[in-house]
Engineer: 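This is the structure I have questions about; it appears just below.
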Amino acid sequence: IRTLGTVLTNLCKTNRTRNAAVLVNIMREKGCRLDSFSYNLLLEGFCKEHQIDAAYEVVDQMAKDGCLPDAITCSIIVNHLCKNGQLNAASRLLKSMGKMCVPNVAAYTAIVECLCKASKVMDAEEALSEMMRKGCTPDVIIYTTLMYGHCKAGNLDRAFELFSEMEQKGCVADMVVYNVLLSGLFKAGKLVRACRFMQQMVERKFAPNVVSCNALMDYLCKAGNVKHAYTLLTWMTKGGCFPDVITYNTLMNGHCKAGEKEVAFSLMDEMILKGFCPT
RNA sequence: ACAGUAGGCUCGAUA
């Protein structure tokens, strides 16, 4: 029974949810009842594979088995609705779920992210306040998401304000928040501030990683500085940040736009040699 | 009490 959970996890995470579902049916016939963990695994798996009908069947089956959807079940559904452009449906579900279970941060985060990507940052702010009014404590992830929205809208001041607010509330900053702010600075063309910020990151024991380097590289390319971007490739490796597919994409794109097709092609070869698949 | 489930960052492609 305990291994069943592990098997299901593996199947669902490798796009073989269908197989997991078959397994579950067999187990059920043998009189084995699933818990919400397992149902959530199936639900998430089907959602990821865009097998919406199958996903609904899971929810039905769950009800038939007398297993109540929990906060995680709801957040899985809300998240997938958001990611598939069904924001309204997602908000409605979130509202109705408030009656069944405690509103939860993950579901709100999905909503906030969706609003931010649609450039509706004010609505995103409102979603966060609503969540707090309902007694749910914001965490570092939802703050990061909202900060991302403000950076995207070019409102760095608000992003940094939220950063302090977050720390005052005792949320511990992680690498992702730092990267959101950093790339916000780059996107706004604030190179000097960005460099100072990277210093602070180092002081706080969050030395820039590949994602940070990629953001810098993109900035350099877009600022027409492909030469420097290219040298960053070796520097980052020396600093212990190993280039990934995105690094190469960024560089190749930069060189193409700068009319340096040969360099772009040699980068392509280099990346294939390193075992990366071009996207 | 100690297996397994949900949400956030960098390029590009899609709309």
Side-chain angles (χ1 to χ4, degrees), chain A residues 1-13 17 20 34-45 47-48 58 62 69-85 90 94 104-114 116-118 124 127 131 136 138-149 151-152 159 166 171 173-187 206 208-222 229 236 241 243-257 264 267 271 276 278-279:
Chain A
I1 277 289
R2 180 164 281 231
T3 52
L4 176 64
T6 314
V7 172
L8 290 180
T9 310
N10 285 323
L11 289 174
C12 293
K13 300 242 166 187
T17 311
L34 293 196
D35 57 6
S36 61
F37 266 64
S38 310
Y39 279 115
N40 289 338
L41 276 168
L42 290 178
L43 179 60
E44 165 79 355
C47 285
K48 281 226 160 77
V58 173
M62 205 170 168
D70 59 11
I72 296 190
T73 316
C74 293
S75 67
I76 292 173
I77 301 174
V78 168
N79 182 34
H80 284 87
L81 287 172
C82 285
K83 294 256 156 52
N84 292 297
L94 190 60
N104 91 337
V105 218
Y108 272 99
T109 307
I111 301 266
V112 167
E113 186 197 7
C114 192
C116 288
K117 297 224 152 119
M131 185 191 86
C136 183
D139 64 7
V140 58
I141 300 188
I142 196 160
Y143 269 115
T144 308
T145 310
L146 187 54
M147 286 161 59
Y148 164 86
C151 288
K152 188 169 167 316
M166 180 191 93
C171 292
D174 63 10
M175 198 60 208
V176 179
V177 209
Y178 284 113
N179 278 333
V180 166
L181 290 172
L182 182 64
S183 68
L185 289 168
F186 283 131
K187 289 245 157 68
F206 283 98
N209 63 6
V210 216
V211 175
S212 330
C213 289
N214 290 342
L216 170 57
M217 187 164 290
D218 183 54
Y219 165 80
L220 291 171
C221 287
K222 295 203 166 129
M236 65 189 276
C241 288
D244 60 8
V245 205
I246 296 187
T247 315
Y248 281 102
N249 276 348
T250 310
L251 256 190
M252 292 188 320
N253 190 27
H255 280 85
C256 285
K257 294 231 162 95
L267 282 165
M271 118 182 222
F276 293 121
T279 59

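A note on names: the letters A, B, ... follow the listed sequences, proteins ahead of strands, and every chain is numbered from 1.
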Engineer: I want to verify a distance call: between C9(B), G12(B), U5(B), whose nearest atom is closest to the V211(A) side chain?
Structural biologist: C9(B)

Engineer: Nearest of A6(B), G12(B), G8(B) to any side-chain atom of V176(A)?
Structural biologist: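 Of the candidates, G8(B) comes closest.
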
Engineer: What's the closest nucleotide to the side chain of I72(A) if the choices are G8(B), A6(B), U10(B)?
Structural biologist: A6(B)

Engineer: Please evaluate the base of G7(B) for a donor-acceptor partner in the side chain of D139(A) within a cut-off of under 3.5 Å?
Structural biologist: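 Such a pair is found, so the answer is yes.
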
Engineer: Mind checking if V105(A) touches a base, just sugar-phosphate, or nothing, with heavy atoms under 4.0 Å?
Structural biologist: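 Result for V105(A) = base.
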
Engineer: What's K257(A) touching, base or sugar-phosphate or nothing? Going by heavy atoms closer than 4.0 Å.
Structural biologist: nothing

Engineer: Of all the choices, U10(B), G7(B), G12(B), which nucleotide is nearest to the side chain of N253(A) once you look at every atom?
Structural biologist: G12(B)

Engineer: For the side chain of V140(A), starting at C-beta, report the closest nucleotide among G8(B), G7(B), U10(B).
Structural biologist: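 Selected nucleotide: G8(B).
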
Engineer: Among the candidates C9(B), U5(B), C11(B), find the nucleotide nearest to the side-chain atoms of K117(A).
Structural biologist: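 The listed nucleotide nearest to K117(A)'s side chain is C9(B).
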
Engineer: Does a side-chain N-to-carboxylate-O contact under 4.0 Å join K13(A) and E44(A)?
Structural biologist: no

Engineer: How long is the line joining CG of L181(A) and P of G8(B), in whole Å?
Structural biologist: 17 Å

Engineer: Applying a 4.0 Å non-hydrogen cut-off, can you work out what A106(A) is touching in the nucleic acid: base, sugar-phosphate, or nothing?
Structural biologist: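 Contact class for A106(A): base.
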
Engineer: Counting side-chain heavy atoms from CB outward, which of A6(B), G8(B), C9(B) is closest to S75(A)?
Structural biologist: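 Taking heavy atoms from C-beta onward, the closest nucleotide is A6(B).
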
Engineer: Where the side chain of N104(A) is concerned, which of G8(B), U10(B), A6(B) is the nearest nucleotide?
Structural biologist: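 From the listed options, A6(B) comes nearest.
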
Engineer: Is any N or O donor-acceptor pair between the side chain of T109(A) and the base of G7(B) shorter than 3.5 Å?
Structural biologist: yes

Engineer: Tell me whether the side-chain N/O atoms of K83(A) come closer than 4.0 Å to OP1 or OP2 in G8(B).
Structural biologist: yes

Engineer: Quick one: E44(A) CD to G7(B) P, roughly how many Å, whole number?
Structural biologist: 6 Å

Engineer: Are side-chain N/O atoms of N253(A) and T250(A) paired as donor and acceptor at under 3.5 Å?
Structural biologist: no

Engineer: What nucleotide among G8(B), G7(B), U5(B) has an atom nearest to a side-chain atom of T144(A)?
Structural biologist: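 Closest of the options to the side chain of T144(A): G8(B).
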
